[in-house]
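Residue numbering restarts at 1 for every chain, and letters A, B, ... go by the order of the sequence lines. Side chains are part of it too, since the values below use all heavy atoms of this structure and drop only hydrogens, waters and symmetry mates. What you see is a predicted model, and the numbers here were worked out from it, not measured in a lab.
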2 protein chains.
Amino acid sequence: MPYFDAASAAPLHPVARQALLASLDEGWADPARLYREGRRARLLLDAAREAAAEAVGCRPDELVFTPSGTRALHDGIAGALSGRRRVGRHLVVSAVEHSAVLQSAAALEAAGGTFTEVAVDRTGRVAPGGYAAALRPDTALAALQSANHEVGTAQPVAEVAEECRAAGVPLLVDAAQSLGWGPVEGGWSLLAASAHKWGGPSGVGLLAVRKGVRYAAQGPADERESGRAPGFPDLPAVVAAAASLRAVRQEAAAEAARLRELVELIRARVPRLVPEVEVVGDPVRRLPHLVTFSCLYVDGETLLHALDRAGFSVSSGSSCTSSTLRPSHVLRAMGVLSEGNVRVSLPRGTTREDVTGFLDVLPGVVASVREQLGAPSGPAPSEAAAQAGAELVVDSLGKRCPIPVIELAKVIGEVPVGGLVTVLSDDEAARLDIPAWCAMREQEYVGERPAETGVAYTVRRRV
Amino acid sequence: MPYFDAASAAPLHPVARQALLASLDEGWADPARLYREGRRARLLLDAAREAAAEAVGCRPDELVFTPSGTRALHDGIAGALSGRRRVGRHLVVSAVEHSAVLQSAAALEAAGGTFTEVAVDRTGRVAPGGYAAALRPDTALAALQSANHEVGTAQPVAEVAEECRAAGVPLLVDAAQSLGWGPVEGGWSLLAASAHKWGGPSGVGLLAVRKGVRYAAQGPADERESGRAPGFPDLPAVVAAAASLRAVRQEAAAEAARLRELVELIRARVPRLVPEVEVVGDPVRRLPHLVTFSCLYVDGETLLHALDRAGFSVSSGSSCTSSTLRPSHVLRAMGVLSEGNVRVSLPRGTTREDVTGFLDVLPGVVASVREQLGAPSGPAPSEAAAQAGAELVVDSLGKRCPIPVIELAKVIGEVPVGGLVTVLSDDEAARLDIPAWCAMREQEYVGERPAETGVAYTVRRRV
């Protein structure tokens, strides 16, 4: 049964499993103790730190193990901000960072600091100069992912690091999605990562802080991990994380090339197999194993369930799948369609048959979800009921994504070319998906205005 | 090779190992996802939470899994303090809490709050009414361990909980050392524990927060674990923790009775086998598996190394073993001897032969360490050189524990009964160990005063 959500959590790599089992017997004692069990644990911990530091490209004493990638980001950002508190309390992040970074920014703001989000283009990439423009004299820290977790776009880390270096601001890189594929290039100051993204166990994050970077760990003092990660270390998991990082790196070049081909296959075939689809993310500068596309007139949750029944595990940034009813902040920042969003991230070892099997079932699954929702069947609007000068109002209040877009698509043919359709919606996704639909369908998005209830989105028919 | 440091970390229980292995295959995916791997992970997580909650004696929705016991304490204390910030910023703790609690108190103070340490008696137990007297109108939280991690003394949790309830103050119980032996009695409000103390894996702590307790999680927002423990859960470890907690509880009554007998054997025999020993901690109201004693004229680090060479792994609260050069805060709060301190904590399954083997080697090991250090060989001071009215000054500046006490013991016989000996020392442990030596040797401890360098400790010879 193909599992295509490696970007959430990769299945345990065989080397990780083997190292975990071996160190259950050798690595349960306290590495801070002087007796033989403690000394054995200390040897394992030291060796794991050396192996992980080599893969990261830092000194062992610059690297600590945290309980997760999220904690590495939370603690790393808080420690770096505090270390430069005299400079100021301003943080620069991209608009498409992992929620752990954006929530750290929100926590900073709640505590009286400020942050700036650097915008991305339609591929999800920050513009050259974007960080340079956002840096201020009171900027304590900048943070940028090495590659985006939802659409796979690689970020220009080395260039941004250079912009930060010129301004004297440390750059923290969230390397969670890319570290298994290779070290992060460029002059970063801090780096965070997460073992279960590369096939290591859960429960292990990495936090590297370059010598010379001002850093003040927050929270109660604790002697573990150079005072940067409190609590008894989960040594078997740490050992498994380091061993598997080394193992996946050895296979990385060959596996990346293989998976990149499979991803190319999906990128090329999906738009031909499924009508009204937008493939998102940078087509070239990207993670090798991840591809994301969105399907018009499709409810993300229904689509995931249907694919799950067909045997494929994928994830989605559609608002329709989330309890918050908000579309992914990444898709929103990119300004691309969020409805019917599917992220396919291939674990190592995925076969061509797994992918072609997915491509075989996808068109039927999308068509059946569209049929259930009463989506328009043809790609072009009917002109049957067109009336010159007409303006049409569609009341979609109380209806959730993708219904507002489906209703818009159904009635656009009822106004003449040049006529207006206004959709009333109180669904947060409409703000993203109605303009995205217009771009995909070559209609003109006129704009939005507050309505008595919800928001009125107006579209001018062009074709 | 007997390992006697279960209070640091217990070897993995067979049930934990089994559950961990089983859930490596079933529990690696994200339990928040909708596909089958996610649903399986969610089932495992829910079942683990139910089992752990049952063992704790709370509702499943009151319990979250944290990455360690330390994090459970750090986060639980911070969350409870913040939840009652309007009441005030005062925290009450006992003087013998785990460092994670005391460091949380220090962090509160650094942030502008205050805390009160409730004293303990010579057994390490807080007095009835001690918490009631410390509670104030601005007390946001009180914290008390269920049993002490260094000397095993059980605390009167139910009585203190009642004192707190009467004052309307929530009580957080650190149950790290006792949860494997049984639930914590009494009306606690929050509870923290650590799986690797009961034979579960590293990487799992428990934090229970009773419904109705005001609580505001600190740090960046995160949806995991009811917003109380950020980061991807280490599900295999969580499953193993819950399964092993259930397993050790089933064996607890029988195993406690068995280990209590072995501990009684050590408590009774050590003072007979080794001269100049103080067994510390409450002799009755105590953990079943833990016993602590201190040996005069012995350097803790040398003793641990010698015991390690003889095949026994124990720990020590002596300053001589620690990089901080400070004796254990627990022994200090109790006012008992810290030099030559040995904590024996028996893991489940320890045999009578393991313990008698330890008792066989201990006298010789202690004697050889004392001989290396030139400790006085007889228990009573020689009166050979006694001079009426003499006052003797011993300069032990720059010498570390146990040398100052050894030098004191060597010269006490040189003054007549009623005469004074003053020891000059800059070793932090002397403050604790010289009065403790006086109590053990029935000499009179006159007091301390600042000297030009270090501190002058004065003793009057009584016997």
(message) Using side-chain heavy atoms (C-beta onward) and a distance below 4.5 Å, is Leu362(B) in contact with Leu307(B)?
(response) yes
(request) Can you tell which part of Ser99(A) gets under 4.5 Å to a heavy atom of chain B, answering side chain, backbone, both or neither? (result) neither
(message) Using a 4.5 angstrom heavy-atom cutoff, name the option from Pro220(B), Ser194(B), Gly69(B), Gly311(B) with the most pairs to chain A.
(response) Pro220(B)
(request) Report the residues that fulfil salt bridge (Lys or Arg N to Asp or Glu O under 4.0 Å) with Arg40(A), sequence neighbours left out, ordered by chain and then residue number. (result) Glu26(A)
(request) Classify the ring geometry between Phe358(B) and Phe4(B) as parallel (under 30°), tilted (30 to 60°) or perpendicular (over 60°). (result) perpendicular
(request) Please report the closest heavy-atom contact between Ala241(A) and Val204(A), naming both atoms and the distance. (result) CB-CG1, 3.7 Å
(request) Indicate yes or no: at least one non-hydrogen side-chain atom of Val344(B) is less than 4.5 angstrom from one of Asp5(B). (result) no
(request) Just say parallel, tilted or perpendicular for the rings of Trp28(B) and Tyr3(A), cut-offs at 30° and 60°. (result) perpendicular
(request) Specify the closest pair of heavy atoms between Leu73(A) and Ala100(A), including all atoms of both residues, with the distance to one decimal. (result) CD1-CB, 3.8 Å
(request) Only pairs at least two apart or in different chains count here, so list each salt bridge (charged side-chain N to carboxylate O under 4.0 Å, His left out) that has a residue in residues 305-318 of chain A. (result) Asp308(A)-Arg36(B), Asp308(A)-Arg39(B)
(request) Quick one: which of Pro201(B), Pro11(B), Gly38(B) has the most heavy-atom pairs under 4.5 Å with chain A, could you say? (result) Pro11(B)
(message) Which heavy atom of Arg42(A) sits nearest to which heavy atom of Pro31(A), and what is that distance?
(response) NE-O, 3.2 Å
(message) Using a 4.5 angstrom heavy-atom cutoff, name the option from Ser315(B), Gly203(B), Ala10(B), Ala221(B) with the most pairs to chain A.
(response) Ala221(B)
(message) What residues of residues 224-234 of chain B make heavy-atom contacts with chain A at a cutoff under 4.5 angstrom?
(response) Ala229(B), Pro230(B), Gly231(B), Phe232(B), Pro233(B), Asp234(B)
(request) State plainly whether the residues Arg348(A) and Asp354(A) are in salt-bridge range, i.e. N to O under 4.0 Å. (result) no
(message) For residues 103-114 of chain A, give me every residue with a non-hydrogen atom less than 4.5 Å from any non-hydrogen atom of chain B.
(response) Gln103(A), Ser104(A), Ala107(A)
(request) Mind listing the closest non-hydrogen atom pair of Ala48(B) and Val238(B) along with its distance? (result) CB-CG1, 3.8 Å
(request) Go through the atoms of Val314(A) and report whether side chain, backbone, both or neither lie under 4.5 Å from a heavy atom of chain B. (result) backbone
(request) Could you have a look at Leu24(A), Asp30(A), Thr66(A) and say which one has the most heavy-atom pairs with chain B under 4.5 angstrom? (result) Leu24(A)
(request) Step through the shown structure and confirm whether more than 12 heavy atoms of other residues, nucleotides or ligands are within 6.0 Å of CD on Gln18(A). (result) no
(message) At a 4.5 Å cut-off on heavy atoms, which part of Ser68(B) comes close to chain A: side chain, backbone, both, or neither?
(response) side chain
(message) If you compare all heavy atoms of Gln145(B) against all heavy atoms of His98(B), which two are closest, and at what distance to 0.1 Å?
(response) NE2-N, 4.0 Å
(message) Need one label for Leu20(A): side chain, backbone, both or neither, based on atoms under 4.5 Å from any heavy atom in chain B.
(response) side chain
